Each structure stands twice: as C-alpha cells, then as structure tokens.
Amino acid sequence: MTRKGGQAADEQAGTAAPTLADAGPGTANPSAAARKAAAEERKAAAQRARQRVAVIIPAKDESRRIAATVRSARAIPHVDLVLVVDDGSEDNTQHVAREAGAVVVRHSHNRGKAAAMETGAAVVAMRDAPDRQPRILLFIDGDLGETAVNTAPLVPPVFEGHADLAIALIPPQPGAGGRGIVVGTARRAISAMTGWTPTQPLSGMRCLTRAAFEAATPLAHGWGVETGMTIDLLRRGFRVVEVPCDLKHRPSGSDLKGQLHRAAQYRDVVLAVNARRVRRAAGAVKRTVAPAQKPPQTHR
C-alpha cells in the first residue's frame, strides 16, 4: 500500500540507462549519451553502496529482551550503528544493551517515546560523517527480540529512493487485547486529513530518510508520534509505503495495565490529530485573511 504526494512512486524509481539501440536516428552522438547515462548510473550505485543505516531503539525496562533485539538488529544489511535510548529505565536495560553491542544514551527520567526518538536521531546526526550521506533511520521497538532482523524489508524502499517512509505491517499478535478503538481513530484521522488509509497506523517500526524525519519534527507527544508523523509527512508530499514484516513483540493484554496503556494511546493520538487540525485551520484562515501579495508594479 503506497501513498505519495506528487509523482507516482514508479516514476521516482528512475528508468534504465539508455543503450545504443535506444537512440533514435536523430541522435547526434548516441555512444556519448550512453556513456554519460552509464556513468551516472555508476555514480548512483556508488552512492548507494556508501549509504548506511542506523537502528534506533527507544526502550524502557526492556532488560529481558533488549540484548536479543540489539544482536538481531545488528544483522540487518547496511546497518553500522545500533543505538539504544534508555528512556528512564528502572532496570539494567542500558547495561544489557551496551554489553550486546549497542551504543547507549540515557534519559535520567522517563520522557516518552517521541523524546527518545528525537534524542536518538540527534545522536545519529552527530555521528554522521560530513563527507557522506546522512544515515537512513530505522526505528524499532525494544521488545522484538530475535525477530528484529525481520524489519530488514523496510530498508530497500527507502534505500533505493522509492519511498521516504516505510512502515511495518505486523501479523496479528497472540494475546493482544483491545477492540481496535485507538487504531480506528488514528486510521480515520489520517484518511480524512491526507486521503490515504493506512492498514496499521500505530506501527512503531519505521524506516525513513533524515530529510523526512526532520520534516516531521517536532514529533507529536508520546503515543501520538506515529499518527502525527504520518499526517505531517503525507501533507508535505513525502512518499509513504507499508511493508509486511514478520515481527513478534509483547502485546498489551486485556488486564488493567493493558487498558491503561490503550487509554494513554487514545489520549495521545487524539491530541496529535487535534493539534494538526488546528494547525490546518489556522493556515487556511491565514491564507484567506492575508492572500499572496502581488509583485509591485513598475511604472515607466
């Protein structure tokens, strides 16, 4: 499932380099054109070969699963950095993650998922070399365990330039509770504001370019981050795709803890959506009250 603003995704993929047979009879020097196209393709291939991916894992109290998640994430092709943002854990998540091979930064207290994502992206930016392309950012949850490597299909659409944001479609999780109220709320809001209806609007496994991430900041608060990001990027014309990934994580159940979690999700999703509705309405009023100024006329 794909959504983009502007040209179709297939047009963004580029066309094959022309050959001598492609040149028409009116071409003055078809061999020179073919050589130029081949050189450009080699340059693009070299740039892709130099492109790297950073995995960012916001985590809180994930000491039981974080080591397996980190080791599995390190096996994803093109990944050269796995960064865990310990968001105020009360267990030894940071130590376990570091021992598993991750770079770890820590919030002294819990600041929420959006803040952890922004911290992670900022640290990756500091580690990006000035003479190379910024790393592609792959955000994953800390409880994926050995299945973290299965987020690898999210990378190629972004890596090859077909999408700016790739979102994981996750199979049904055994033991998951809830009645889909939060998912339905987010789905309807995204559809109403962008024209695209996602299958899993709350999926936290996301791969995106640095440019797309910066366009989505500041991120929506807490659990509204995914819904807000999707709306913001689609409305700015970025291309979004959903990609099936065989992932397993710890679902929220039907107990009191699970119900409180879904209540917090619903609150944050509604806040994110309403903030964007207000922003859109304010923009419409501004355009009505202060229309585009005409260039000054000159008199001779």
Side-chain angles (χ1 to χ4, degrees), residues 52-107 110-124 127 135-159 165-176 200 202-208 213 219 222-223 225-226 229 242-253 257-258 261 265:
R52 298 168 298 169
V53 178
V55 175
I56 301 174
I57 310 175
K60 182 179 186 300
D61 297 332
E62 291 290 356
S63 60
R64 293 185 178 183
R65 297 196 180 197
I66 195 66
T69 302
V70 168
R71 288 192 293 266
S72 185
R74 293 177 65 188
I76 298 171
H78 306 292
V79 167
D80 74 333
L81 173 62
V82 176
L83 174 68
V84 171
V85 182
D86 184 343
D87 191 29
S89 294
E90 297 179 359
D91 62 9
N92 60 343
T93 292
Q94 62 169 324
H95 304 298
V96 175
R98 192 173 289 111
E99 291 174 358
V103 174
V104 179
V105 294
R106 174 175 166 79
H107 291 165
N110 181 248
R111 294 170 53 191
K113 184 175 183 179
M117 292 172 66
E118 290 179 340
T119 294
V123 173
V124 172
R127 288 174 167 260
R135 288 178 175 88
I136 290 172
L137 306 177
L138 175 58
F139 292 93
I140 68 174
D141 291 346
D143 61 355
L144 293 181
E146 293 82 359
T147 69
V149 69
N150 294 339
T151 59
L154 296 175
V155 176
V158 179
F159 187 82
L165 167 64
I167 304 171
L169 287 176
I170 306 172
Q173 302 293 301
Q200 294 183 6
L202 302 183
S203 176
M205 274 52 72
R206 297 179 169 224
C207 183
L208 69 166
F213 182 83
L219 300 176
W223 302 108
V225 59
E226 291 89 5
M229 174 187 288
E242 291 183 308
V243 181
C245 296
D246 187 14
L247 305 175
K248 294 181 180 179
H249 66 97
R250 182 179 58 253
S252 57
K257 183 178 180 181
H261 171 71
Q265 276 188 311

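This structure is a prediction, so every number in the text was calculated from the model and none was measured. Position 1 is the first residue of the sequence; numbering continues from there.
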Look at the side chain of [X] and the backbone N and O of [Y], then say whether any donor-acceptor pair between them is shorter than 3.5 Å.
| X | Y | value |
| --- | --- | --- |
| Arg135 | Arg127 | yes |
| Glu118 | Leu219 | yes |
| Thr151 | Ala148 | yes |
| Ser203 | Ile167 | no |
| Asp61 | Glu90 | yes |

Exercise. Do NZ/NE/NH1/NH2 and the carboxylate oxygens of Asp141 and Lys113 come within less than 4.0 Å?
Worked result: yes

Exercise. Going by an N to O cut-off under 4.0 Å, is there a salt bridge joining Asp91 and Arg64?
Worked result: no

Problem set entry | Partner of Leu83 under side-chain contact (heavy atoms from CB on, under 4.5 Å), chosen from Val105, Val70, Val55, Thr119 | Val105

Seminar exercise, completed: Heavy-atom closest pair (Ser72 atom, Gly145 atom, distance to 0.1 Å) is CB-O, 3.5 Å

Exercise. Excluding sequence neighbours, so at least two apart, what forms salt bridge (Lys or Arg N to Asp or Glu O under 4.0 Å) with Arg106?
Worked result: Asp86

For this session: With sequence neighbours left out, write down each residue that passes salt bridge (Lys or Arg N to Asp or Glu O under 4.0 Å) with Asp87, or none if nothing qualifies.
Result: none

Problem set entry | Partners passing side-chain contact (heavy atoms from CB on, under 4.5 Å) against Ala59 (at least two apart in sequence or in another chain) | Glu62, Ile66, Val84, Thr93

